Amino acid sequence: MGTIRYAHVELPGWLSRYEPELDAFLQFLIWRFSIWVDKPTPGNALMNLRYRNENATTMLRKEEVRTGLEGPGLTKSQKLWYCLAIVGGHYGWTRLQSFSAFRSWGNSEQSSWSRRAWVLLQRAESFYKATSFLNLLLFLYTGRYRSIVERVLKARLVYERPNMNRAVSFEYMNRQLVWNEFSELLLLILPLLNTASIKKILFFPFSNDQSPGSSAEDDACPVCGVNPIAISFIAIPCEHKYCYYCLRTRCSAGSSFHCLRCNAQVMAMKRSSPQVNSIGDDS
């Protein structure tokens, strides 16, 4: 994995070109050293799960079933078909999509074979998504066969040892899910908040610069911090100084812009000259 990360940083073009082959190779290694040798994958091992041949399990006698988890593992044919579907199917579909997009099959003429192939690919993808959704509903209802490949091959995930707790507890998983959702919520909300206005509202009662034209007024622009201001404009009615660009962009963005120094609503703006410009004007 370290080699792949290095290649992703140093050789991004090379890595993107052969990324499907690298993904297929990694998936093949996981399959070769887990499912092929009757061992669970790393993720299934954390959850104490293994694959069971459901076709052979139905043939067991009642006296052979004690916990409901008995049953042989997958046969060689099931393992090979699993590798062909998961590794080969994913790789083939990825390469086919890349090839069709590179050849611009979707932009070909209506009567050409490439256009018909493109439509067929789109319908096949839609059919696969629909069947995957139906399989998900069945999985949520019955708890069997989380994917279409597992349902076709009759490869069911069961507990490997019935009296062993999972390595990952529900408490840790719930904590992780809550933190992930909270992080996504913050990433969505924080860019929409005007932090400068919130800061001014919170600290305005303790500020010493609460009167228009106060002697403690800073000469630097409260937005960009440049000092001295090259093109100085004054907000009306509080008369605090801003850069023209900073004040114009914020007034143009919304009609309810509040001064960052005193939190007063800016109704207009003027330069050092006596001419007063309304917010809707450009000069």
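Numbers for residues simply follow the sequence, beginning at 1. Since we're looking at a predicted model, the values are computed, not measured. Excluded from the calculations below are hydrogen atoms, water molecules and symmetry mates; all remaining heavy atoms, backbone and side chain alike, are included.
When all heavy atoms of Pro40 and Glu160 are compared, the closest pair comes out as CG-OE1, 3.9 Å. In this structure, Cys243 and Cys221 approach most closely via the heavy-atom pair N-SG, 3.4 Å. Nearest heavy-atom pair, Pro42 versus Ile30, reported as atom, atom and distance to 0.1 Å: CD-CG2, 4.3 Å. Nearest approach of Val266 to Cys251, heavy atoms of both residues: CG1-SG, 4.1 Å.
Remark: Asp38 engages Lys79 in a salt bridge, criterion side-chain N to carboxylate O under 4.0 Å. Ion pairing between a basic and an acidic side chain is recognised when a charged N comes within 4.0 Å of a carboxylate O; Glu150 and Arg144 show no such pairing.
A chain of hydrophobic side-chain contacts below 4.5 Å, direct or via other Ile, Leu, Val, Met, Phe, Trp or Tyr residues, connects Leu84 to Tyr51. Neither Val149 nor Tyr91 shares a network with the other; the hydrophobic side chains, linked directly or stepwise wherever heavy atoms of I, L, V, M, F, W or Y lie under 4.5 Å apart, form separate groups for each. Side-chain heavy atoms closer than 4.5 Å link hydrophobic residues (I, L, V, M, F, W, Y) into clusters, and following such links, even through other members, never connects Trp179 to Leu188. Under a hydrophobic-cluster definition in which Ile, Leu, Val, Met, Phe, Trp and Tyr are linked whenever side-chain heavy atoms come within less than 4.5 Å, directly or via other members, Tyr145 and Val158 are assigned to different clusters. Val152 and Leu80 are not part of a single hydrophobic cluster, where members link through side-chain heavy atoms under 4.5 Å apart.
Leu140 forms part of a hydrophobic cluster together with Leu136, Phe139, judged by ILVMFWY side-chain heavy-atom separations under 4.5 Å.
Considering NZ of Lys129 and CG of Leu134, their distance stands at 14.5 Å, rounded to 0.5 Å. Note that CG of Asn55 is 12.5 Å distant from CZ of Arg156, once rounded to the nearest 0.5 Å. Annotation: the span from Leu74 atom CG to Leu153 atom CG amounts to 8.0 Å, rounded to 0.5 Å. Atom CD in Gln122 sits 4.5 Å away from atom CH2 in Trp118 (nearest 0.5 Å). With values rounded to the nearest 0.5 angstrom, Met269 atom CE is found 15.5 Å from His240 atom NE2. Rounding to the nearest 0.5 angstrom, the gap separating the CG atom in Leu187 from the CZ atom in Phe182 is 10.5 Å.
Asn135 contributes no side-chain N or O that, together with a main-chain N or O of Thr131, makes up a donor-acceptor pair within less than 3.5 Å. Using a distance-only test at 3.5 Å, with no hydrogens or angles considered, no donor-acceptor pair links the side chain of Glu184 to the main chain of Glu181. In this structure a side-chain-to-backbone donor-acceptor pair under 3.5 Å is missing from Asn53 to Thr75.
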Arg146 vs Leu157, side-chain contact (heavy atoms from CB on, under 4.5 Å): CA-CA, chis, key distance, verdict: CA-CA 9 Å; Arg146 58 179 182 175; Leu157 284 172; 3.6 Å; yes
Apply side-chain contact (heavy atoms from CB on, under 4.5 Å) to residues Gln97 and Glu125 and explain how you reach the verdict. CA-CA 10 Å; Gln97 283 188 324; Glu125 184 177 7; 3.6 Å; yes
Would Gln265 and Met267 count as a side-chain contact (heavy atoms from CB on, under 4.5 Å) here? Give the steps. CA-CA 6 Å; Gln265 185 175 0; Met267 308 301 297; 4.0 Å; yes
Phe233 and Tyr244: ring-ring contact (aromatic ring centres under 6.0 Å, His included), yes or no, with the steps? CA-CA 5 Å; Phe233 268 68; Tyr244 170 76; 4.8 Å; yes
Please evaluate residues Glu54 and Arg52 with respect to the criterion salt bridge (charged side-chain N to carboxylate O under 4.0 Å, His left out), reporting the C-alpha separation (whole Å), side-chain torsions for both, the decisive distance (0.1 Å), and the verdict. CA-CA 6 Å; Glu54 202 68 9; Arg52 183 179 70 179; 3.2 Å; yes
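Side-chain contact between Tyr141 and Leu137 is absent, with no heavy atoms from C-beta onward closer than 4.5 Å. Val87 places none of its side-chain heavy atoms less than 4.5 Å from the side chain of Phe25. Side-chain atoms of Arg103 and Ser114, non-hydrogen and from C-beta on, never get closer than 4.5 Å to each other. Within the 4.5 Å cutoff, side-chain heavy atoms of Leu121 are placed close to those of Trp93. Annotation: side chain of Ile236 is in contact with side chain of Lys270 (closest heavy-atom distance under 4.5 Å). Annotation: side chain of Trp31 is not in contact with side chain of Ile86 (no heavy-atom distance under 4.5 Å).
A 6.0 Å sphere centred on CH2 of Trp81 holds no more than 12 heavy atoms belonging to other residues, nucleotides or ligands.
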